[in-house]
Amino acid sequence: MSVQNTNKNIVPPSEIERQREYTELVRTVLSSRFADVPKAFVHTYGCQGNVADGERLKGMLRDMGFAFTDSPDNADFVLYNTCAIREHAEDRVFGNVGKLKNIKSARRHMKIALCGCMTQQERVAELIRTSYPFVDIVFGTHVTHRLPEFVYRSYGTGKRVFETGESGGVIAEGVPLSRDSGFRAWVPVMYGCDNFCSYCVVPYVRGRERSREPGVILNEIRQAVGEGYKEINLLGQNVNSYNGGMNFPALLREINSIDGDFTIRFMTSHPKDCTRELLDTMADCEKAAKHLHLPVQSGNNRVLGEMNRRYTREQYLELVSYAREKMPGLSITSDIIVGFPGETDTEFRDTLSLVEAARFTSLFMFIFSPREGTAAAKMPDETPHAEKVARFQELERVQHEIALELAAGMAGKRLRVLCDSFGDGDIVTAKTEGNMAVRFKGTPDMPGTFQEVVIEPGDSWKLTAALDGCDK
Ligand code: 5AD
Ligand code: SF4
């Protein structure tokens, strides 16, 4: 099926070029101000979409002439790329920004910048303006590509830069990129979200859905695969709404046909439009990891309705069983919110029973956090926090049992894994196709390679293995 891409908002190449000119200007400023190469500390909070933005922010800073440090203590430029999904995420950012005040009083030349989802909220921008005067640059999610200009203005004028205006959202192509990993690549296929789940701040801080051109995505992937990347992670708040002149399954087939030894993952899929076509395509594409992240959020139909999720528990479970029928051994992971306003204990039991039925490989669980401006933040919420914590813990226990059973069932299986790290005791950490962590004895050259391992019997949900053909 071919669909027309109607929502482009592509940043004109002339604007990207203008930012390149600012990049050169910053280079000149930095070389006149610093005897040594100045160091930037960039920290990204939150989801993989933010991680992908962070890699572009680092690309721009690298081109401006910054090297990187892993601590703010010796940094000349600090950038926090923030997340607003839950209050806890915001608290952590404010805590860390607060700590920078002391560091800056000893390093007066240090520049501090904040960007990402938090800065897109008026309340937060105002708080930084009034209570965090030592923050130099604040910019929103729709102007990320203009970092060189903001840095130049800040060095040039010494004045604070605030650029956090409203926008439906843009697509900026041709922004420099500095990937964190040499073998896992994050590739956004679309930005924004139009779903307005009642608890979620994302549609307010990330703007409307817009898809990147397939040609641009395919080129980025071809390049990454050419550079030796082994895992291509396609990113979007809801990849199934991809609408870049072809739909998501068609894009997946195109990517699958790129030559090379690599795996394709994608996240996140919204159950309401995770189609059979997508599942069939996933089953057909040999490079697509047989792992599906399919956030369910609740197992109760009334709560799902209040959340504006637009599917029922029955539809969700039907999707899960179709997916498993098509892809035996498929690993499914999910997100759940506990303590949504008005959720009763009986309704929570429906979540527990859904979790028991769906048998997720792993589960990301969250206690509801009211986000200003969202519909759910205005709903009466009478359940005491302690009760929500108790529900959370019960869900954790149920999921833990399932994870134990799944891990026990893996013993003896031979799997291809992608290795991440090598460390103490010659231990290699790796991820299975189903995105389960596994450890085994290996060698220092393994990170970034695929290895065949056999899972050992164990009594933990943490998998241990031995290299296939290895006598331990
Ligand atoms: N409170 C708690 N959890 C939330 N999530 C999104 N918004 C909220 C909120 N207000 C969770 C959802 C989503 C995941 C990324 O974060 O489960 O899938
Ligand atoms: Fe938030 Fe729902 Fe959009 Fe996901 S699909 S980003 S939960 S509004």
Side-chain angles (χ1 to χ4, degrees), residues 44-53 82-92 116-118 120-121 123-124 141 168-169 188-211 233 235-243 248 266-274 292-300 303-311 316 332-343 348 351 354-355 358 360 362-379 381 383 385 388-389 391-392 395-396 399:
T44 290
Y45 298 83
C47 69
Q48 301 309 335
N50 245 22
V51 171
D53 282 352
T82 65
C83 168
I85 197 90
R86 285 171 292 275
E87 199 177 342
H88 178 66
E90 288 195 358
D91 291 346
R92 277 174 52 210
C117 293
M118 266 173 81
Q120 204 59 44
Q121 302 174 103
R123 167 186 56 88
V124 173
T141 54
V189 299
M190 58 173 302
Y191 303 101
C193 182
D194 287 352
N195 289 317
F196 290 92
C197 299
S198 62
Y199 50 80
C200 188
V201 77
V202 169
Y204 303 91
V205 293
R206 285 282 170 179
R208 301 288 58 76
E209 284 178 356
R210 54 221 184 261
S211 300
N233 291 271
L235 303 177
Q237 294 300 336
N238 176 12
V239 290
N240 305 316
S241 319
Y242 178 77
N243 174 18
F248 187 66
F266 55 87
M267 66 190 297
T268 294
S269 296
H270 193 306
K272 85 174 159 56
D273 37 32
C274 175
L292 187 63
H293 185 60
L294 198 62
V296 64
Q297 313 297 0
S298 166
N300 175 268
V303 175
L304 285 171
E306 291 292 306
M307 287 178 163
N308 192 29
R309 292 292 287 178
R310 288 170 279 172
Y311 54 83
Y316 184 89
I332 305 180
T333 54
S334 198
D335 294 347
I336 286 186
I337 297 177
V338 169
F340 184 80
E343 179 194 68
F348 169 68
T351 296
L354 181 136
V355 166
F360 300 118
S362 61
L363 199 51
F364 299 90
M365 308 164 214
F366 310 100
I367 292 184
F368 170 74
S369 169
R371 305 282 65 208
E372 196 178 313
T374 63
K378 298 181 201 90
M379 296 177 184
D381 185 4
T383 312
H385 186 69
K388 295 188 180 192
V389 172
R391 285 180 198 169
F392 183 92
L395 179 59
E396 260 185 334
Q399 177 58 29

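Both ligands and their constituent atoms are indexed starting at 1 by order of listing. For this chain, numbers begin at 1 and follow the sequence in order.
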(message) With a heavy-atom distance limit of 4.0 Å, tell me whether Tyr199 approaches ligand 1 through its side chain, its backbone, both, or neither.
(response) both

(request) Report the member of Val296, Asp335, Thr268, Leu363 with the shortest heavy-atom distance to atom 13 (C) of ligand 1. (result) Asp335

(request) Name the option, out of Met365, Gln237, Arg86, Glu87, that contains the heavy atom nearest to atom 16 (O) of ligand 1. (result) Arg86

(message) Taking a cutoff of less than 4.0 Å between a non-hydrogen atom of the residue and any ligand atom, is Ile367 in contact with ligand 1?
(response)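 The answer is yes: ligand 1 sits under 4.0 Å from a heavy atom of Ile367.
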
(message) Taking 2.8 Å as the distance threshold, tell me the number of protein N/O/S atoms next to atom 2 (Fe) of ligand 2.
(response) 1

Report the nearest protein non-hydrogen atom to [atom]: residue, atom name, distance rounded to 0.1 Å.
atom	value
atom 9 (C) of ligand 1	Ser369 O, 3.6 Å
atom 7 (S) of ligand 2	Tyr199 OH, 3.4 Å
atom 12 (C) of ligand 1	Gln297 OE1, 3.4 Å

(request) First locate atom CD of Gln237, then atom SG of Cys200, and finally report the distance between them rounded to the nearest 0.5 Å. (result) 7.0 Å

(request) Could you give me the CA-CA distance, side-chain angles and deciding distance for Ile85 and Cys117, then say whether side-chain contact (heavy atoms from CB on, under 4.5 Å) is met? (result) CA-CA 8 Å; Ile85 197 90; Cys117 293; over 6 Å; no

(message) So that I know where these two stand, are Phe196 and Tyr204 an aromatic pair - ring centroids less than 6.0 Å apart?
(response) yes

(message) Tell me if the aromatic rings of Phe364 and His293 count as close, with their centers under 6.0 Å from one another.
(response) yes

(message) Ring-plane angle category for Phe340 and Tyr199, please: parallel below 30°, perpendicular beyond 60°, tilted otherwise.
(response) perpendicular

(message) Test of understanding: with ring pair (Phe, Tyr, Trp, His ring centres under 6.0 Å), list the residues that count as partners of Phe360, not counting sequence neighbours.
(response) none

If only atom types and distance count, is the side chain of [X] paired as donor or acceptor with the main-chain N or O of [Y] below 3.5 Å?
X	Y	value
Asp194	Glu209	yes
Glu87	Ser369	no
Tyr191	Gly207	no
Thr44	Val51	no

(request) Please indicate whether any nitrogen or oxygen in Arg371 is less than 3.5 Å from any nitrogen or oxygen in ligand 1. (result)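 Looking only at distances, the answer is no, because the N/O contact criterion of under 3.5 Å is not met.
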
(request) Just jot down the ligand 1 atoms closer than 4.0 angstrom to any heavy atom of Phe368, in number order. (result) 1 (N), 2 (C)

